[in-house]
Amino acid sequence: QEQLVESGGGSVQPGGSLRLSCEASGFPLDYYAVSWLRQAPGKEREGVSCIGRGDGGTYSADSVKGRFTISRDNAKNTVYLQMNSLKPEDTAVYYCAAVWGESDGTCTLSRAEYDYWGQGTQVTVSS
């Protein structure tokens with residue numbers, strides 16, 4: 001079965017860290033660009049970070065630059081999102097999504113459609 005499964009969410013105090021994982025099964029994730037997106041209650045979904053296929057480049061939204069880092073381990077068919085210096089406004093359900101990657105290894109957060117979606121994992125930042 002082809003699917004993406006997220007893990008690593010939870011509750012943390014402001015200033016804390018979490019690492020989210022997005023593991024693919026049934027297909028080779030290294031051919032795909034992967035994005036992390038989030039949706040907070042009452043707000044539209046927003047792209048957070050993306051990484052291109054293979055050893056592709058990365059891009060992050062201004063709201064998380066310098067705090068979040070996206071990476072991938074192609075041997076483990078997994079993409080990670082390391083989140084540091086978390087703020088209450090980072091509270092949301094986080095989703096990973098994959099789309100067949102561009103050959104130049106680029107990625108974009110300006111995309112509405114993906115080939116695969118994970119089920120989401122809750123991140124709550126609160127004191």
Side-chain angles (χ1 to χ4, degrees):
Q1 183 179 0
E2 298 175 344
Q3 61 179 357
L4 293 173
V5 177
E6 299 107 334
S7 60
S11 296
V12 65
Q13 292 187 339
S17 298
L18 286 172
R19 188 178 79 158
L20 305 183
S21 298
C22 172
E23 183 176 6
S25 60
F27 68 98
L29 192 60
D30 55 336
Y31 287 96
Y32 289 76
V34 178
S35 296
W36 284 97
L37 306 98
R38 66 186 181 186
Q39 188 162 22
K43 294 187 176 181
E44 292 188 355
R45 187 175 63 205
E46 64 170 335
V48 175
S49 296
C50 65
I51 187 166
R53 65 181 288 172
D55 293 326
T58 63
Y59 178 82
S60 291
D62 288 344
S63 58
V64 305
K65 278 181 181 176
R67 299 188 299 121
F68 291 10
T69 302
I70 189 170
S71 62
R72 65 192 309 156
D73 185 334
N74 292 327
K76 294 184 178 180
N77 227 23
T78 300
V79 168
Y80 304 97
L81 185 68
Q82 178 67 44
M83 305 186 296
N84 299 328
S85 302
L86 283 161
K87 304 175 181 180
E89 51 263 43
D90 295 319
T91 295
V93 177
Y94 283 71
Y95 301 88
C96 66
V99 63
W100 186 258
E102 298 292 337
S103 58
D104 62 0
T106 59
C107 69
T108 177
L109 294 176
S110 302
R111 172 180 296 281
E113 296 184 358
Y114 290 84
D115 298 323
Y116 301 97
W117 284 90
Q119 81 287 356
T121 185
Q122 176 71 46
V123 171
T124 302
V125 185
S126 174
S127 56

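Since the model is a prediction, treat every value here as computed from it, not as a measurement.
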Handout entry: Any Arg67 side-chain heavy atom under 4.5 Å of Asp90 side chain
Key = yes
Problem - Close side-chain approach of Ile70 to Trp36, heavy-atom, < 4.5 Å - result: yes
Practice task
Answer yes or no for Arg19 and Tyr80: cation-pi contact, defined as NZ/CZ to six-membered ring centre under 6.0 Å and angle to ring axis within 45°.
Solution key: yes
Exercise for the section: Examine Val79 and Val99 and state if one hydrophobic cluster contains both, with Ile, Leu, Val, Met, Phe, Trp and Tyr joined whenever side-chain heavy atoms are less than 4.5 Å apart. Expected result: no
Handout entry: Among Leu37, Val34, Thr58, Val64, the one residue meeting side chain to side chain contact (heavy atoms under 4.5 Å, CB included) with Ser49
Key = Val64
Exercise for the section: Return yes if some donor-acceptor pair links the side-chain N/O of Arg72 with the main-chain N/O of Leu29 below 3.5 Å, else return no. Expected result: yes
Problem - Min side-chain heavy-atom separation Leu18-Leu81 under 4.5 Å - result: no
Practice task
For this output row, return yes or no: ring centroids of Tyr32 and Trp100 closer than 6.0 angstrom.
Solution key: yes
Handout entry: Asn84-Ser17 side chain donor-acceptor pair, cut-off 3.5 Å
Key = yes
Exercise for the section: For the pair Glu46 and Arg38, find out whether any cationic side-chain nitrogen is under 4.0 Å from an anionic carboxylate oxygen. Expected result: yes
Practice task
Check the side chains of Tyr116 and Glu2 for a donor-acceptor pair under 3.5 angstrom, ignoring hydrogens and angles.
Solution key: yes
Exercise for the section: Examine distances only and state if a side-chain atom of Gln39 and a backbone atom of Tyr94 form a donor-acceptor pair shorter than 3.5 Å. Expected result: no
Handout entry: From CG (Asn77) to OG (Ser25), nearest 0.5 Å
Key = 8.0 Å
Problem - Sidechain N-carboxylate O distance under 4.0 Å for Lys65, Asp62 - result: yes
